[in-house]
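Keep in mind the model is a prediction, meaning the values are calculated, not measured. Counting convention: from 1, in listed order, for ligands and their atoms alike.
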Amino acid sequence: MPDPTLDIIVPIYNEQELLEELCTRLKNVCNELAPLRCRVIFVNDGSADQSWPMLVKQQEREPRFALINLSRNFGHQPALTAGMAYSDADASVIMDGDLQDPPELIPKLVQTWRDGAQVVLASRSSRTETGLRRIGFDLFHRFFSQISDFDIPANNGTFSLLDRRAMLHLKSLPERHRFLPGLRAWIGFEQREVLYDRDDRAAGQPKQTFKRLVTYAMDGVFSFSEKPLRMMTWAGLTISLVGFLIATVFVIKRLTGVEVAATGFTTLVTLTLFLGGIQLTALGLLGEYLGRTYDEVKRRPLFIVRETFGIQIRDPQCSSTHHTNSNDQSL
Ligand code: UDP
Ligand code: MG
């Protein structure tokens, strides 16, 4: 029987400062894992710096490296999805390329997989983010565990290993707004955790802007919970009931002549603004769901591959169409 294979999927966006170190450490890990046949799939997500030429140079010297070059910057989740689409190993590791996910943990993930787990989650026992980012992460995880329709473990980011079957199912989930920790929990299988200390970014600034992180968090909430909609329904019903009671009191007062003069201007203004606010918020919420639905039905590809090195370029969905040339591929 041939030795089992392992793919390590790493998205890269403007990581020139730490790319050399990343490649060296990944190579060392691959050597350590032999006779497991290791392949590292780098997905270049439209880097504007020297990352791509550096990757190409690395790949020329290292046959275990495969490169996927996307046609522009699509974002962290689409880049990961691109790597996963090309992975066909017995087990696949997905990890960030900023060395916050230490490659040296991979042998431990592999061992846990060999012990029978189908999904191995690398769980942070500590976090290095501080300040606003830290508070944001903490708040999000607490809020999210309250609101999501099923349990999604906190403290798991990208870093994980999936066996062939689990990966196949994760890949087959069709949605465009991808919240990986949620999707990974949703597919089930035998999941185990391996604890690790999350390192600081080895160099450079975080490549995910705060805005993207917020969108990502919202993707998590809106694709794993319908509670916001239900909460709005309940808020509406409660306000209607309270409104009805107050109206009754005023009508009775008026009819019995207790209060005749037109007073209550302040109350009126407050109520109008309050209700207006609630209505706009509800509309906005509806819009979030509607916008996402619209995005899903358009079925635009999640990423476009410009070229590949060390791995066959593929066209899984459009293989029957005749107008694609060998360098254009989409999923
Ligand atoms: N990344 C990417 N495309 C992007 C932004 C980031 O492929 O548009 C990559 C980045 O190079 C890194 C990983 O995704 O390997 C995680 O990014 P980052 O460290 O900035 O995210 P954070 O740690 O803030 O979640
Ligand atoms: Mg990072």
Side-chain angles (χ1 to χ4, degrees), residues 7-23 25-26 40-55 58 65-87 93-103 105-106 121-124 126-141 144 154-160 176-182 184 196-220 302-306 308 331:
D7 280 341
I8 302 172
I9 298 159
V10 193
I12 297 292
Y13 177 56
N14 294 346
E15 303 286 11
Q16 60 181 15
E17 298 97 341
L18 49 78
L19 211 53
E20 293 281 344
E21 183 187 343
L22 174 69
C23 290
R25 284 169 67 176
L26 281 169
V40 185
I41 304 179
F42 288 103
V43 182
N44 176 42
D45 187 19
S47 298
D49 64 357
Q50 289 303 306
S51 298
W52 177 246
M54 283 168 80
L55 280 173
Q58 287 277 350
F65 285 178
L67 310 183
I68 299 171
N69 195 14
L70 300 186
S71 64
R72 63 171 172 85
N73 176 243
F74 283 89
H76 181 213
Q77 295 290 309
L80 277 174
T81 312
M84 297 199 291
Y86 274 79
S87 148
V93 168
I94 41 180
M95 62 185 291
D96 285 350
D98 57 356
L99 292 171
Q100 276 193 297
D101 302 339
L105 191 75
I106 295 176
L121 307 171
S123 297
R124 297 176 275 260
S126 64
R127 243 190 197 290
T128 52
E129 281 91 358
T130 48
L132 200 62
R133 268 174 111 81
R134 173 65 188 255
I135 296 172
F137 281 123
D138 280 352
L139 273 181
F140 172 70
H141 279 297
F144 192 67
N155 293 325
N156 299 130
T158 311
F159 202 12
S160 52
R176 287 180 37 79
H177 289 272
R178 301 182 83 79
F179 180 67
L180 192 77
R184 199 175 45 204
Y196 78 106
D197 286 320
R198 192 159 166 84
D199 294 332
D200 259 332
R201 205 170 218 294
Q205 290 296 313
K207 301 301 176 314
Q208 299 247 70
T209 58
F210 193 70
K211 197 172 139 220
R212 274 214 174 147
L213 278 178
V214 171
T215 314
Y216 182 54
M218 282 166 70
D219 275 344
L302 205 56
F303 59 85
I304 295 176
V305 175
R306 180 161 145 193
T308 60
L331 182 89

Starting from the Mg ion (ligand 2), look over the N/O/S atoms of Asp98 and name the nearest one.
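This turns out to be OD2.
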Test applied, side chain to side chain contact (heavy atoms under 4.5 Å, CB included); reference residue, Ser87; option that passes from Val93, Ile94, Ile9
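So the option named by the test is Ile9.
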Taking the six-membered ring for Trp, are Tyr216 and Phe179 parallel (under 30°), tilted (30 to 60°) or perpendicular (over 60°)?
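The rings of Tyr216 and Phe179 sit tilted, inter-plane angle from 30° to 60°.
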Which of the ligand 1 atoms, numbered from 1, are nearer than 4.0 Å to a heavy atom of [X]:
X	result
Asp98	15 (O), 18 (P), 19 (O), 23 (O)
Ile12	7 (O), 11 (O)
Gly97	12 (C), 15 (O)

I'd like to know if the side chain of Arg178 reaches the main chain of Asp219, judged simply by a donor and an acceptor atom lying under 3.5 Å from each other, with no hydrogens or angles considered.
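Not confirmed, Arg178 side chain does not pair with Asp219 backbone.
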Less than 4.5 Å apart, side chain to side chain, heavy atoms only: is that true for Trp52 and Ile12?
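Heavy-atom side-chain distance check fails, nothing below 4.5 Å.
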What I'd like to find out is whether the side chain of Ser51 reaches to under 4.5 Å of the side chain of Leu19, using heavy atoms alone.
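Touching, per the 4.5 Å side-chain cut-off.
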Just heavy atoms, cut-off under 4.0 Å: does [X] contact ligand 1 by side chain, backbone, both, or neither?
X	value
Asp96	both
Asn73	side chain
His76	both

Can you tell me how far the NE2 atom of His177 sits from the OG1 atom of Thr215, to the nearest 0.5 Å?
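Answer for the NE2-OG1 pair, His177 versus Thr215, is 9.5 Å.
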Quick check for you: to the nearest 0.5 Å, what is the distance between Leu99 atom CG and Glu17 atom CD?
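One finds 11.5 Å between CG of Leu99 and CD of Glu17.
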Polar-atom distance check: Pro11 versus ligand 1, any N or O pair below 3.5 Å?
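N/O-N/O distance under 3.5 Å: yes.
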Run down the list Met95, Gln100, Glu15, Arg212 and name the one with the heavy atom closest to atom 11 (O) of ligand 1.
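Among Met95, Gln100, Glu15, Arg212, the closest heavy atom to atom 11 (O) of ligand 1 belongs to Glu15.
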